[in-house]
There are 2 protein chains.
Amino acid sequence: MRQDIHNADVPVLCRACEARHRGICGALDANELLRLGRRSSRHEHGAGTTLVAVGDRPEHCSNILSGVVKLSKLLADGRQQVVELQFAPDFLGRPFAEQSDVLVEAATDVRLCSFPRLALEAMMADAPALENRMHRQALRQLDDARDWMMTLGRKNAAEKVASFLLMIARHVRPQDDGYSSRFDLPLSRSDIADFLGLTIETISRQLTRLRKDGTIGIERARHVTVQDLEALKRAAAI
Amino acid sequence: MRQDIHNADVPVLCRACEARHRGICGALDANELLRLGRRSSRHEHGAGTTLVAVGDRPEHCSNILSGVVKLSKLLADGRQQVVELQFAPDFLGRPFAEQSDVLVEAATDVRLCSFPRLALEAMMADAPALENRMHRQALRQLDDARDWMMTLGRKNAAEKVASFLLMIARHVRPQDDGYSSRFDLPLSRSDIADFLGLTIETISRQLTRLRKDGTIGIERARHVTVQDLEALKRAAAI
DNA sequence: CGGCGTTCTTGATGCAGATCAAATAAAATG
DNA sequence: CATTTTATTTGATCTGCATCAAGAACGCCG
């Protein structure tokens with residue numbers, strides 16, 4: 001079992017997922033959990049799998065047990081923008097939407113514990129604590145989206161790349177100070193570019209610059225060590 | 001009374017606001033409405049007024065009765081990004097947050113019907129329909145934020161400005177086809193630049209280009225007429 | 001281990017939008 | 001209405017990132 005689903009604020013054992021996490025199940029009492037758990041199913045998907053296409057009717061909402069999920073938007077001419085990354089133990093899915101307006105893909109291998117969306121919506125009507133939990137998560141996602149809008153709209157390439165590294169370090173195996181000092185990038189250069197509104201060449205050049213600075217180390221393209229966290233924070237323009 | 005608060009989907013008369021609108025009050029039954037209405041207060045603010053500063057404890061949530069509210073984020077060096085515009089009859093405020101992480105300002109003169117945030121949070125616990133209403137609004141805001149991330153990250157200046165005009169036309173006095181053909185820009189060139197991640201000079205040049213194209217007309221800098229809606233949509237890259 | 005497709009890096013060049021600078025238009029003030 | 005102030009437009013120039021073009025490193029599979 002991975003460290004990222006063994007988090008500090010563990011509210012309750014989710015029988016459906018058979019794992020402790022801070023997903024939605026923490027909002028439920030034992031009976032509700034049992035009822036929802038009866039409808040749950042486990043799934044594993046390899047990196048790159050499409051989970052929900054644009055226009056699809058989303059049938060499930062899921063606790064992410066491990067891995068990283070990428071939400072993106074497409075323009076008719078092929079331009080792409082990654083609009084959110086979701087990490088274990090986030091909750092994945094958009095209740096109350098009859099069709100998805102984002103493309104949902106597994107960025108890495110992922111394990112999910114899924115519930116039928118309609119069952120979840122029905123249950124929210126009965127269990128106010130569940131709706132409150134989902135509501136708070138939506139508000140947190142909105143806060144994060146706004147933070148990222150600042151990054152997209154007003155930061156330069158160097159600041160964007162540094163901000164991205166900090167974001168990953170905060171979400172993948174975080175340590176005491178809230179940031180990992182060693183991690184694997186869950187995204188290709190191309191995905192990073194689509195997340196930051198840049199090109200792969202610019203991503204590569206900025207990573208090289210940070211490496212030559214001594215701010216980070218990079219091995220085999222994907223493995224990053226943060227050598228100077230304060231410098232990285234300064235580079236991100238906070 | 002303004003047309004924008006007389007909308008088609010009018011659920012209920014809100015006694016607190018003394019106005020029909022599709023704000024949160026539509027989720028309440030008569031008793032709840034009365035209870036919340038007793039705690040409400042009306043406010044008017046001139047354009048440019050700061051409603052909530054970053055770090056402030058937000059005391060109120062409000063139905064916007066008229067006008068436009070601007071939410072923005074600041075970097076230490078003064079760079080600014082507008083992260084959302086809210087129009088009547090949207091609901092303004094971030095429940096469950098002890099301090100604001102955005103700067104909330106009146107972009108135009110605004111009239112608000114405000115409720116104490118804590119009263120509203122307490123009431124959400126009692127009235128599931130109210131929490132559901134707020135939850136759905138948060139999800140809609142998240143969808144909009146993601147749309148705008150695509151605009152910020154992947155569109156060029158011409159597309160950004162066209163997208164902005166369409167967004168305003170959809171929200172200010174919308175007509176049958178969902179877009180106004182005549183409206184006043186609720187934002188200065190400087191605010192538009194901070195919304196689009198551009199400079200005022202670029203905004204001005206792109207507006208001039210659209211005017212010379214015959215796509216739009218501009219009088220006295222702020223008043224816009226949409227002369228060719230289809231061309232404007234094409235210019236926005238949808 | 002070696003060949004091969006894929007991903008990543010590095011270099012050279014071009015251009016969209018920023019920046020700097022000034023003119024003009026509009027709004028505010030008395 | 002004249003005067004000042006502020007907002008917007010327009011022009012000239014500069015620059016950061018995109019684009020185009022090779023190479024280098026890596027992962028995969030026989």
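Chain identifiers are assigned alphabetically (A, B, ...) following the order of the sequence lines, protein sequences preceding nucleic acid strands; residue numbering begins at 1 within each chain. The shown structure was predicted, so the numbers you read here are calculated from the model rather than taken from an experiment.
Each end of the helix from C:dC1-D:dG30 to C:dG30-D:dC1 yields a helix axis from five base pairs, and these two axes differ in direction by 50° (to the nearest 10 degrees).
At a threshold of 4.0 Å, the pair B:Glu159-A:Arg79 counts as salt-bridged, since one of the basic side-chain nitrogens sits closer than that to a carboxylate oxygen. A:Asp194 and B:Arg154 are joined by a salt bridge, as a carboxylate oxygen and a charged side-chain nitrogen come within less than 4.0 angstrom of each other.
Heavy-atom neighbours of B:Ile238 CD1 from other residues, nucleotides or ligands within 6.0 Å: at or below the threshold of 12. Atom CZ of A:Arg57 is surrounded by more than 12 heavy atoms from other residues, nucleotides or ligands within 6.0 Å.
Put simply, CG on A:Leu112 and SG on A:Cys61 are 11.0 Å apart, with the number rounded to the nearest 0.5 Å. Here the CZ-CG distance, from B:Arg140 to B:Leu142, works out to 12.0 Å after rounding to the nearest 0.5 Å. Of the inter-residue distances, the one linking B:Phe87 atom CZ with B:Arg170 atom CZ reads 9.0 Å to the nearest 0.5 angstrom.
At a cut-off of 3.5 Å, with distance as the only test, a side-chain donor of A:Ser41 or A:His43 sits close to an acceptor on the other residue. There is a side-chain donor-acceptor pair under 3.5 Å between A:Arg111 and A:Ser66.
At a threshold of 4.5 Å between non-hydrogen side-chain atoms, the residues B:Leu71 and B:Leu103 do not count as touching. Side-chain atoms of B:Ile64 and B:Phe91, non-hydrogen and from C-beta on, never get closer than 4.5 Å to each other. Between B:Lys233 and B:Tyr179 the shortest side-chain heavy-atom distance falls below 4.5 Å. The shortest distance between side-chain heavy atoms of B:His171 and B:Gln86 does not fall below 4.5 Å. Between B:Glu84 and A:Arg146, the closest side-chain pair of non-hydrogen atoms falls below 4.5 Å. At a threshold of 4.5 Å between non-hydrogen side-chain atoms, the residues A:Leu229 and A:Leu166 count as touching. With contacts defined as side-chain heavy-atom distances shorter than 4.5 Å, the pair A:Ile216/A:Leu207 qualifies.
Of all nucleotides in DNA chain D, those with any atom nearer than 4.0 Å to a heavy atom of chain A start and finish, going 5' to 3', at D:dC17 to D:dG27.
Within residues 185-193 of chain A, the residues approached by DNA chain C to less than 4.0 Å at the level of any non-hydrogen atom are A:Ser188, A:Arg189, in residue-number order. Residues from residues 194-212 of chain A lying near DNA chain D, meaning a heavy-atom separation below 4.0 Å, are A:Gly197, A:Leu198, A:Thr199, A:Glu201, A:Thr202, A:Arg205 in numerical order. A heavy atom closer than 4.0 Å to some atom of DNA chain C occurs in B:Asn156, B:Ala157, these being the qualifying members of residues 149-159 of chain B. Within a heavy-atom distance below 4.0 Å of DNA chain D, the residues of residues 215-225 of chain B found are B:Ala221, B:Arg222.
Between the B:Arg117 side chain and the B:Pro58 main chain, a donor and an acceptor come within less than 3.5 Å of each other.
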